[in-house]
Amino acid sequence: MPLQIYNSLTRQKEEFVPLTDGLVRMYVCGPTVYDYPHIGHAKSYISFDIVVRYLRYLGYRVKYVQNITDVGHLLDDGEDRILKGAQREKRDPMELVEIYTRAFFDAMDALNVQRPTISPRATGHIPEQIEMVQTLIDKGHAYVVNGSVYFDISTWPGYGVLSGRRVEDQRAGERVEASDEKRHPADFALWKKAGPEHIMQWNSPWGRGYPGWHIECSAMSMKYLGETLDIHGGGMENQFPHHECEIAQSEAVTGKPFVRYWMHHNMVMVEGVKMSKSLGNFTSVQRALERYSGAQIRFFILQSHYRSPVDFSREAIDASAQGLERLQATRDQLLHFLASDEGDVSAQVEQVCAEYKALFEKEMNDDFNTPAAIGHLFSFAREINSRLSSSLSSASVKLLHDTFIRLADDVLGILPESRTALAADPFIDLLVTVRREIRAQKNWALSDHLRDKLEELGVAIQDGKEKSSWTYKKNMPAL
RNA sequence: GGCGGCGUAGCCAAGUGGCUAAGGCGGAGGUCUGCAAAACCUCUAUUCAUCGGUUCGACUCCGAUCGCCGCCUCCA
């Protein structure tokens, strides 16, 4: 079965067929860079990283654009996040933005998230946004009031198709003061007039101001990907109003469908409740990385489906980390036996590899079902472990290794490069070799003592018939 | 008030109108081992929140009830 993607727009799984053969145009809403990234960002960008990696695995060229929102947008209290952050840290807005943009990329690198093809910044695309707003005014979809510009939703009957909402049903003004500048409470800002206290402001045909939140995504995605995108991704919380507004303004400008497949991932919970800035219960990626490796966090997130919420609880991550260790152990064993690719691949090994590859692809083709795909990976690992205990040709080992790594690491990214060599390695090798001699002399007391001491130092020894191997214990904070 | 999601073993988590309800963690037993560890093998949900309905047959479809969560405001 070919790749099926759940399309939020139609609320069903659909076969994925890109607009242009072999090329995928993909856009994902990026972060607002005014603070450290949190584990919600981790789920979001890991989820879409999987989409990109799998599409590339299938042979597509993927042009992946993810914006950096570095323009402040208005909060309830009339301030914007970036201005607020700048005041908090006594920095220039652009200095603040630079710091957290780097922090964001650092965090994503640690989580083994591949970088987007293009990471456009909102502040670098003000002219494009102004141009788009002007076109909307010219076409009668927007109006100017007192230096601000609003989109007139009465000119766009399709408003609400994505979120299944009807404007009349919403309680406009119940939670937020409706602006009296707007003709209709649901009209949204394309451009806002800036007061003197607003540091980030630009010239426009309507006076000094700054762009509305939604317009940057439309302007930048269309600039780099064209008028119709294959995939637009983001969090469910942005389905309304953000994505709804993007559709309205984009299609009002081009008259063409804006997005073919809308993908929305679910939220991260902490102890059963939503994590949010306003609740103050968010965990930064940086803090999570103090306790878990990037691979462990990534693996944990991929063990639930991207459209399901995930509860970031310590017990659950600890449990999943144990599971990841089994996969890592299999990879380590494969590396251990990997010599050259001499000899012939056994027909059985060839069949096993083909079988698990097919099972894996079947699950991934079903709307990127990573938990089910990982399930097959565990079975594959068991199969590999069993076969490694009997003698295999080098070519067979290599095929098992290549297949396992291709699925687990190229596509899922959960087995990044094994640790780099440490200065202690040759000394540990020596100790283990010497201990082998001691064991040959059946001096169990001394050999067990050595094993215990090495264990305390974070080195685990596995005694085999022919030789003993060792690994650094996982979860060693220093490693 | 409107829109949407969820409730599967001790925990995490896939899944299907009908063969044995994936997988992981944890637990129990076993093989291997000088003893361990790792690995491997076996076992660990007569049952899928509750109650009705449709059906030859539902955990899966429909309805109701209970519980939890999200969105309608900036948020990944």
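The figures that follow rest on heavy atoms only: side chains count, while hydrogens, waters and symmetry mates do not. Remember, predicted model here, so these are calculated numbers, not experimental data.
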Participant: How far does the P atom of B/C11 sit from the matching atom of B/U65, given to the nearest Å?
Facilitator: 28 Å

Participant: Using a heavy-atom cut-off of under 4.0 Å over every strand shown, decide if A/S469 touches base, sugar-phosphate, or nothing.
Facilitator: nothing

Participant: Contacts to RNA chain B from residues 443-452 of chain A, heavy-atom cutoff under 4.0 Å, which residues?
Facilitator: A/W444, A/S447, A/D448, A/R451

Participant: For B/A37 versus B/A76, give the span between their P atoms, rounded off to a whole number of Å.
Facilitator: 47 Å

Participant: Determine the interatomic distance between P on B/A64 and the same-named atom on B/G5; round to the nearest Å.
Facilitator: 14 Å

Participant: In terms of the nearest nucleotide of RNA chain B, which residue is placed more toward the 5' end: A/V310 or A/S386?
Facilitator: A/V310

Participant: Can you give me the dot-bracket string for RNA chain B, 5' to 3', counting Watson-Crick and G-U wobble pairs with both distances under 3.5 Å, using [ ] for crossing pairs and | for partners on another strand?
Facilitator: (((((((..(((.....[....)))((((((.......))))))....(((((..]....))))))))))))....

Participant: Are OP1 or OP2 of B/A14 and a side-chain N or O of A/N369 less than 4.0 angstrom apart?
Facilitator: no

Participant: Could you tell me whether the phosphate oxygens of B/C69, OP1 or OP2, come under 4.0 Å of any side-chain nitrogen or oxygen in A/S308?
Facilitator: no

Participant: Which is true for A/S389 with a 4.0 Å heavy-atom rule: it touches a base, it touches only sugar-phosphate, or it touches nothing?
Facilitator: nothing

Participant: Quantified in whole Å, what is the P atom distance between nucleotide B/U20 and nucleotide B/G7?
Facilitator: 24 Å

Participant: Using salt bridge (Lys or Arg N to Asp or Glu O under 4.0 Å) as the criterion, list what pairs up with A/R406, not counting sequence neighbours.
Facilitator: A/D410

Participant: Looking only at the side chains, is there a donor atom on one of A/Y100 and A/E89 sitting less than 3.5 Å from an acceptor on the other?
Facilitator: yes

Participant: What I want to check is whether the side chains of A/T69 and A/N67 have a donor and an acceptor closer together than 3.5 Å.
Facilitator: yes

Participant: Hey, does A/V268 reach any base, or is it just sugar-phosphate, or nothing, if we go heavy atoms under 4.0 Å?
Facilitator: base

Participant: Please figure out whether A/G40 or A/Y306 has its closest RNA chain B nucleotide nearer the 5' end.
Facilitator: A/Y306

Participant: Determine whether the side chains of A/S8 and A/Q239 contain a donor N or O and an acceptor N or O closer than 3.5 Å.
Facilitator: no

Participant: How are the rings of A/H214 and A/F188 set to each other: parallel, tilted or perpendicular (split at 30° and 60°)?
Facilitator: perpendicular

Participant: Can you tell which of B/A13, B/A76, B/C72 lies closest to the side chain of A/F240?
Facilitator: B/C72

Participant: Distance between the P atoms of B/G52 and B/C12, in whole angstroms?
Facilitator: 28 Å

Participant: Could you work out the separation of B/C62 and B/A28 based on their P atoms and round it to a whole Å?
Facilitator: 43 Å

Participant: Counting only heavy atoms not in A/H449, do more than 12 fall under 6.0 Å of its NE2?
Facilitator: no

Participant: What integer distance in Å separates A/R439:CZ from B/G34:C1'?
Facilitator: 8 Å

Participant: Looking only at the side chain of A/A316 (C-beta and beyond, no hydrogens), which of the listed nucleotides B/G34, B/C12, B/C74 gets closest?
Facilitator: B/C12

Participant: For A/T433 and A/E437, what are the C-alpha separation, side-chain angles and deciding distance, and is it a side chain to side chain donor-acceptor pair (under 3.5 Å)?
Facilitator: CA-CA 7 Å; A/T433 307; A/E437 292 299 315; over 6 Å; no

Participant: Quick one: do the A/S218 and A/E246 side chains pair a donor with an acceptor below 3.5 Å?
Facilitator: no

Participant: Side chains of A/E181 and A/Y150: any donor to acceptor distance under 3.5 Å?
Facilitator: yes

Participant: Side chains of A/N7 and A/E14: do they bring a donor and an acceptor to under 3.5 Å?
Facilitator: yes

Participant: Using a 4.0 Å heavy-atom cut-off across all strands, classify A/D463 as base, sugar-phosphate, or nothing.
Facilitator: base

Participant: Indicate whether any N or O donor in one side chain lies under 3.5 Å from an N or O acceptor in the other, for A/S44 and A/H265.
Facilitator: yes

Participant: Using only modelled atom types and a 3.5 angstrom limit, is any donor from either the side chain of A/R307 or the base of B/G5 paired with an acceptor on the other?
Facilitator: no

Participant: If we take the C1' atom in both B/A14 and B/C25, what is their distance in whole Å?
Facilitator: 15 Å

Participant: What is the distance, to the nearest angstrom, from the CZ atom on A/R435 to the P atom on B/G34?
Facilitator: 12 Å

Participant: Pairs under 3.5 angstrom, nitrogen or oxygen only, protein versus nucleotides 19-25 of chain B, please.
Facilitator:
residue, atom, partner, partner atom, Å
B/G24, OP1, A/R382, NH2, 3.1

Participant: Per the salt bridge (Lys or Arg N to Asp or Glu O under 4.0 Å) rule, what does the pair list look like for residues 374-394 of chain A, sequence neighbours excluded?
Facilitator: A/E383-A/R387

Participant: Remember a base hit wins even if backbone is also touched, and classify A/H305 as base, sugar-phosphate or nothing at under 4.0 Å, heavy atoms.
Facilitator: sugar-phosphate

Participant: Can you pull the salt bridge (Lys or Arg N to Asp or Glu O under 4.0 Å) pairs that have at least one residue in residues 302-315 of chain A, sequence neighbours excluded?
Facilitator: A/R307-A/D367

Participant: Classify the nucleic acid contact of A/M269 as base, sugar-phosphate or nothing, counting any heavy atom under 4.0 Å across all strands shown.
Facilitator: sugar-phosphate

Participant: Provide the distance between the two P atoms, one in B/C43 and one in B/U50, to the nearest whole Å.
Facilitator: 27 Å

